[in-house]
Structures are given as C-alpha cells and as structure tokens.
Amino acid sequence: MANTKPIFTLTPNNGRVRLTTANTTRDLSSTANAGLLFSAGTDGSRVDTIEFNHNATVQTQASIAAVGRVWLCDSAAGANPRLKREIALTAVTPSASAIGATFLMTFSPPLVLKAGEYLWAAISATQTSGAYDVIVSGGDF
C-alpha cells in the first residue's frame with residue numbers, strides 16, 4: 001500500500017519548556033521538576049533540533065554545569081519513559097560581549113514521532129540564577 005501522506009511537515013510544531021530545578025532521575029521515574037516539551041500531531045511529527053538555552057535576569061549570571069535530558073514517552077503524563085538523549089550543559093559566564101550557555105541537540109536523521117508520543121525534558125542540577133529554556137524545532141505531518 002502506498003503512502004498518501006507527504007514526507008515533509010505540513011504544520012510547524014515548536015514545543016518549549018522552562019526548567020530551573022533539578023530532576024535527579026535518569027529514568028524519569030519521577031516527573032517532578034521535569035517538563036512536557038513536545039506533543040506529536042495527529043499524523044505524527046518530526047523533530048530536527050532541541051536547544052537548551054540558559055537565561056537570567058542579569059546578563060552576567062552564570063549557568064550551573066548540568067546534564068540536559070530528553071525522554072520519549074507514550075503519554076502526556078510521562079508514562080513509559082525511554083531516555084532518548086543527554087547533553088552536557090557546561091557552566092558559562094556571559095557578559096556584555098560574550099554569549100551565555102547555548103547547547104544544541106541535532107537529530108540526523110530527524111526524530112520521527114507517531115501520534116500519541118511525547119517528549120519530556122529535565123536538567124540534572126538546579127540553576128541558582130536563571131533557567132534553561134528548552135525549545136524544539138519540528139513539525140507535524
């Protein structure tokens with residue numbers, strides 16, 4: 001049977017969550033301090049990148065070294081999580097002339113999610129100043 005759906009995304013789907021406090025599990029056995037990042041569309045979705053960007057109210061506030069984690073789950077409540085990827089979030093001190101902490105996960109080939117799949121994200125260390133904005137770039141089929 002031939003696929004009658006296009007192989008490119010039809011509608012942008014860019015999820016986001018702001019994380020400030022540590023989730024110390026590697027298996028997402030607790031969703032405390034983690035966040036629902038992305039929900040796949042009715043016909044499935046594609047994810048190209050996930051960014052972890054530190055932000056703070058003062059431009060010279062440093063990030064705290066941590067690990068950024070992303071899980072693939074089969075419910076919006078975080079059920080049946082599977083660790084998809086981790087990224088080292090190093091400590092960075094920004095200034096008026098130096099950028100802050102920005103880390104990029106690139107999926108090549110793209111991560112394809114079926115309808116009813118979700119991405120959750122967390123950081124492993126509490127940020128004493130600021131937070132991590134986690135942003136997904138993707139689309140729905």
Side-chain angles (χ1 to χ4, degrees), residues 1-59 61-141:
M1 182 177 240
N3 181 2
T4 59
K5 300 286 184 182
I7 59 171
F8 51 88
T9 60
L10 183 62
T11 307
N13 186 344
N14 299 314
R16 63 182 184 259
V17 66
R18 180 167 285 173
L19 303 171
T20 58
T21 307
N23 174 299
T24 57
T25 68
R26 284 193 76 226
D27 63 359
L28 201 63
S29 53
S30 168
T31 57
N33 304 322
L36 175 60
L37 179 61
F38 186 86
S39 302
T42 303
D43 293 318
S45 298
R46 163 188 170 142
V47 171
D48 297 301
T49 62
I50 299 175
E51 301 172 54
F52 283 76
N53 299 309
H54 187 265
N55 69 62
T57 56
V58 177
Q59 68 181 350
Q61 289 179 319
S63 61
I64 304 297
V67 175
R69 296 189 175 105
V70 175
W71 292 268
L72 179 63
C73 302
D74 62 10
S75 85
N80 300 314
R82 298 296 181 261
L83 182 62
K84 182 61 185 163
R85 188 156 306 167
E86 295 178 300
I87 190 168
L89 308 173
T90 58
V92 175
T93 302
S95 70
S97 59
I99 66 169
T102 299
F103 304 94
L104 182 67
M105 287 181 181
T106 301
F107 294 94
S108 181
L111 175 60
V112 177
L113 303 175
K114 64 183 180 180
E117 289 187 319
Y118 302 84
L119 295 177
W120 275 70
I123 53 176
S124 67
T126 297
Q127 300 300 300
T128 55
S129 64
Y132 270 97
D133 285 332
V134 187
I135 302 167
V136 173
S137 294
D140 296 337
F141 294 113

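This is a predicted model, so every value here is computed, not measured.
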Under a 3.5 Å distance rule, please check whether [X] uses its side chain to pair with a backbone N or O of [Y] as donor and acceptor.
X      : Y      : result
Ser137 : Thr49  : no
Thr31  : Ala34  : no
Thr20  : Ala131 : no
His54  : Thr93  : no
Ser75  : Ala77  : yes
Gln61  : Ala56  : no

Using a 4.5 Å cut-off on heavy atoms from C-beta on, say whether the side chain of [Y] contacts that of [X].
X     : Y      : value
Ile50 : Leu37  : yes
Arg26 : Leu83  : yes
Leu28 : Arg82  : no
Leu10 : Phe141 : no
Gln59 : Pro94  : no
Ser63 : Gln127 : yes

Inset, instruction - Specify whether Tyr132 and Phe103 have parallel, tilted or perpendicular ring planes, treating 30° as the upper limit for parallel and 60° as the lower limit for perpendicular. - result: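 Taking Phe103 first and then Tyr132, their aromatic rings sit tilted (interplane angle of 30° to 60°).
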Legend entry - The single option from Leu36, Val47, Val134 passing side chain to side chain contact (heavy atoms under 4.5 Å, CB included) against Leu119: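 Among Leu36, Val47, Val134, the one meeting side chain to side chain contact (heavy atoms under 4.5 Å, CB included) with Leu119 is Val47.
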Legend entry - For Leu19, the option from Val17, Asn23, Thr21 that meets side chain to side chain contact (heavy atoms under 4.5 Å, CB included):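 By the side chain to side chain contact (heavy atoms under 4.5 Å, CB included) criterion, Leu19 pairs with just one of Val17, Asn23, Thr21: Val17.
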Working to the nearest 0.5 Å, report the span between [atom1] of [X] and [atom2] of [Y].
X      : Y      : atom1 : atom2 : value
Leu111 : Leu72  : CG    : CG    : 6.5 Å
Arg69  : Ile87  : CZ    : CD1   : 12.5 Å
Cys73  : Tyr118 : SG    : OH    : 10.5 Å
Ser124 : Leu89  : OG    : CG    : 7.0 Å

Inset, instruction - Please say whether more than 12 non-hydrogen atoms of neighbouring residues, nucleotides or ligands are located less than 6.0 Å from CZ in Arg16. - result: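 No - once you tally the heavy atoms of other residues, nucleotides and ligands closer than 6.0 Å, there are 12 at most.
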Inset, instruction - Determine, stepwise, if the pair Asp48 / Thr106 fulfils side-chain contact (heavy atoms from CB on, under 4.5 Å). - result: CA-CA 6 Å; Asp48 297 301; Thr106 301; over 6 Å; no
Legend entry - Verdict with reasoning, Arg85 to Phe107, per side-chain contact (heavy atoms from CB on, under 4.5 Å): CA-CA 10 Å; Arg85 188 156 306 167; Phe107 294 94; 3.6 Å; yes
Looking only at heavy atoms, what is the nearest atom pair of [X] and [Y], with distance?
X     : Y      : answer
Ala40 : Gly116 : CB-N, 4.5 Å
Ala22 : Thr126 : N-OG1, 3.0 Å
Ala62 : Ser129 : O-OG, 3.1 Å

Legend entry - Met105 and Phe52: CA distance, side-chain angles, deciding distance, side-chain contact (heavy atoms from CB on, under 4.5 Å) verdict: CA-CA 8 Å; Met105 287 181 181; Phe52 283 76; 3.9 Å; yes
Legend entry - Donor + acceptor pair across side chains of Asp140, Ser45 (<3.5 Å):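 A pair is found: one side chain offers a donor N or O, the other an acceptor, under 3.5 Å apart.
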Legend entry - Asn53-Asp133 side chain donor-acceptor pair, cut-off 3.5 Å: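 Per modelled atom types, Asn53 and Asp133 side chains form no pair under 3.5 Å.
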Inset, instruction - Carefully, step by step, assess Asn14 and Val136 under the rule side-chain contact (heavy atoms from CB on, under 4.5 Å). - result: CA-CA 5 Å; Asn14 299 314; Val136 173; 5.7 Å; no
